[in-house]
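Letters go in sequence order (proteins before strands), and every chain restarts at 1. Keep in mind the model is a prediction, meaning the values are calculated, not measured.
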Number of protein chains: 2
Amino acid sequence: LDAVKAVLLGVVLGLCACASPPVIEVPKSRPLAELLESSPASDWRRIDPADTLYMDLPSGRVVIELAPAFAPRHATNIRTLVRQRYFDGLAIVRAQDNYVAQWGDPDDKRDLGAALKTLPAEFTRRAAELEFVALPDRDTYAEAGFSRGFPAARAGERAWLVHCYGMVGAGRANEPESGNGAELYAIIGHAPRLLDRNVTLVGRVVRGIELLSTLPRGTGALGFYEKPEQRTPIRQVRFATELPPAERLELEALRTDSVTFRHVVEGRRFRRDDWYHEPAGHVDVCNVPLPVRSVKR
Amino acid sequence: LDAVKAVLLGVVLGLCACASPPVIEVPKSRPLAELLESSPASDWRRIDPADTLYMDLPSGRVVIELAPAFAPRHATNIRTLVRQRYFDGLAIVRAQDNYVAQWGDPDDKRDLGAALKTLPAEFTRRAAELEFVALPDRDTYAEAGFSRGFPAARAGERAWLVHCYGMVGAGRANEPESGNGAELYAIIGHAPRLLDRNVTLVGRVVRGIELLSTLPRGTGALGFYEKPEQRTPIRQVRFATELPPAERLELEALRTDSVTFRHVVEGRRFRRDDWYHEPAGHVDVCNVPLPVRSVKR
């Protein structure tokens with residue numbers, strides 16, 4: 001990896017961060033697959049089964065990693081709801097193109113049981129509490145980067161998760177504290193960054209986002225389905241820890257504070273291969289892949 | 001509209017462009033629908049039927065506006081191909097999640113007839129040739145804004161179209177001049193800005209993008225379909241001018257150099273209503289809606 005490091009360092013030093021197209025000859029970037037293949041095991045972290053949700057749809061399984069470091073109260077409430085089997089038999093109620101797929105109780109009647117009906121908003125966190133790997137490139141909205149495996153941003157003393165493709169949030173009514181995790185959404189289009197700091201993000205889809213992104217769009221206002229039969233039923237939602245180990249999908253995520261991840265970022269910023277001729281020289285937070293792989297048993 | 005202008009001006013002056021969350025009380029933004037409803041007719045332009053493509057799929061019609069100002073040679077070649085009925089009976093060959101849907105000749109056998117097999121790349125244009133309405137916010141990659149109704153960017157003396165959701169480009173092989181418009185793609189995920197300046201964008205989908213974004217994802221490499229029967233057939237592709245006027249869908253687009261559009265942009269930057277509490281204070285080029293409406297006959 002030292003050779004790669006040297007090359008990347010040369011690239012970083014050789015190119016200005018200005019907006020003009022780079023004119024300096026840039027070496028070809030290493031393919032992502034090759035970079036990951038040669039990465040040390042210590043650059044990966046096991047996705048904690050206690051933070052892993054399986055949402056089973058007729059079309060397959062959506063796997064979500066919760067982010068309790070960013071939304072501890074919401075994570076706890078979701079835990080309570082899942083243990084009560086709250087989501088089983090509910091439905092995907094909304095699919096708005098280039099925006100979100102959303103699920104919950106279409107009739108708004110199911111009892112929340114021991115879960116809280118309202119929660120204090122967890123739109124932002126104290127930045128000092130969280131590690132942050134900043135991207136070198138300017139972000140339109142704040143300072144962007146990664147924290148504990150998730151795309152994040154910060155400004156002043158606050159940090160927050162960012163609405164990239166596949167991120168999962170807790171729908172709410174008009175009052176900031178009206179979200180409780182019983183109604184969730186996943187981003188299925190261009191990162192709607194205007195939502196940042198306005199709603200609590202609780203995690204991200206690490207497998208199966210295509211089961212949500214390909215859903216027929218709802219034809220009602222905001223992409224809600226107009227007829228009950230258009231909704232996709234949710235068979236069940238379980239934590240990985242609720243399934244016998246043999247039935248779990250063990251996953252690892254590349255650590256966003258690892259050297260390999262830094263190479264992934266640089267490979268995107270200066271992407272150049274047989275097809276790419278003009279490296280962007282920059283990358284926005286939602287264009288950086290967050291690699292996840294199955295653990296070989 | 002003068003009152004709105006005054007309010008927006010106050011908003012612009014009252015907030016810094018820095019990354020810190022704004023703390024000044026911002027008036028509620030006007031809903032987009034209301035803004036468009038009250039806009040003068042002169043702020044709209046008819047989408048030229050001579051630049052309008054109808055791609056008919058079994059699920060419905062995708063309407064594409066070509067951008068000959070940015071890709072004149074590609075537009076001309078596509079015109080030749082469509083008049084020869086080149087696309088009729090071909091197929092959507094690829095759908096890669098959070099990336100592109102792509103169509104063309106799966107067997108690479110159909111004769112291009114009078115169309116050119118290779119074209120000089122049209123990745124960028126001379127900036128001086130094109131009007132440009134710059135966004136006030138910083139962009140990760142360049143200076144971003146709008147030109148002739150399309151999302152665009154510029155740096156130094158060059159300008160180019162930007163890979164926002166719904167944009168349509170001409171696939172190519174490794175050589176920059178290998179694209180010819182016979183293989184096209186549409187963006188169906190987060191704006192892959194790394195593609196900017198690496199491939200020729202030829203227009204954008206103005207109606208029916210959901211017919212492409214909901215396609216089942218291909219399971220082969222790069223999202224290509226592995227079996228012929230998985231592909232979606234293209235019934236026909238026609239220019240609007242090839243159809244009798246009664247069968248056309250007459251569309252108008254909000255002019256991106258209009259006062260109303262400036263209000264649309266400011267409404268997004270400082271979005272604040274009963275639901276949004278924390279205006280972003282910024283907007284990236286691919287988060288600005290480009291309104292299109294049907295012309296009342």
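- Within the 3.5 Å criterion, the main-chain N or O of Thr140(B) finds no donor-acceptor partner in the side chain of Asp284(A).
- With rounding to the nearest 0.5 angstrom, the CZ atom of Arg138(A) is 8.0 Å from the CZ atom of Arg138(B).
- Leu215(B) touches chain A through its backbone: at least one of N, CA, C or O sits under 4.5 Å from a heavy atom, while the side chain does not.
- Contacts with chain A were tallied for Ala173(B), Gly189(B), Ala95(B), Ala191(B); Ala191(B) has the most, counting heavy-atom pairs under 4.5 Å.
- With a 4.5 angstrom heavy-atom cutoff, Val283(B) touches chain A via backbone and side-chain atoms both.
- No more than 12 heavy-atom neighbours from other residues, nucleotides or ligands sit within 6.0 angstrom of CD on Glu157(B).
- Between the side chains of Asn174(A) and His277(B), no donor N or O sits under 3.5 Å from an acceptor N or O.
- Using the six-membered ring where Trp is involved, His282(B) and Tyr141(A) have ring planes that are perpendicular, over 60° apart on the 30 and 60° scheme.
- Within a 6.0 Å radius of CD in Glu129(B), more than 12 heavy atoms belonging to other residues, nucleotides or ligands are found.
- Shown here for Cys286(B) and His190(A), the closest heavy-atom pair between the two residues is CB-NE2, 3.4 Å.
- Neither the backbone nor the side chain of Leu135(A) comes within contact range of chain B, judged by heavy atoms closer than 4.5 Å.
- Contact between Ser213(A) and Asp97(B) at its shortest, heavy atoms only, is OG-OD1, 2.6 Å.
- Atoms CZ and CG, on Arg269(A) and Leu194(B) in that order, are 11.0 Å from each other to the nearest 0.5 Å.
- With a 4.5 angstrom heavy-atom cutoff, Ile187(B) does not touch chain A via any of its atoms.
- Both the backbone and the side chain of Tyr276(B) come within contact range of chain A, judged by heavy atoms closer than 4.5 Å.
- Under a 4.0 Å N-O distance rule, the pair Glu210(B)/Arg217(A) does not qualify as a salt bridge.
- When Ile188(A), Leu195(A), Thr124(A) are compared by the number of non-hydrogen pairs under 4.5 Å with chain B, Leu195(A) comes out ahead.
- In terms of non-hydrogen atom pairs under 4.5 Å with chain A, the most contact-rich of Arg172(B), Arg271(B), Glu175(B) is Arg172(B).
- Annotation: Glu226(A), atom CD; neighbour count of heavy atoms from other residues, nucleotides and ligands within 6.0 Å is above 12.
- Considering only heavy-atom pairs separated by less than 4.5 Å from chain A, the leading option among Val199(B), Asn98(B), Asp274(B) is Asn98(B).
- Neither the backbone nor the side chain of Ala144(B) comes within less than 4.5 Å of any heavy atom of chain A.
- Rounding to the nearest 0.5 Å gives a distance of 11.0 Å between CG of Asn287(A) and NE2 of His163(B).
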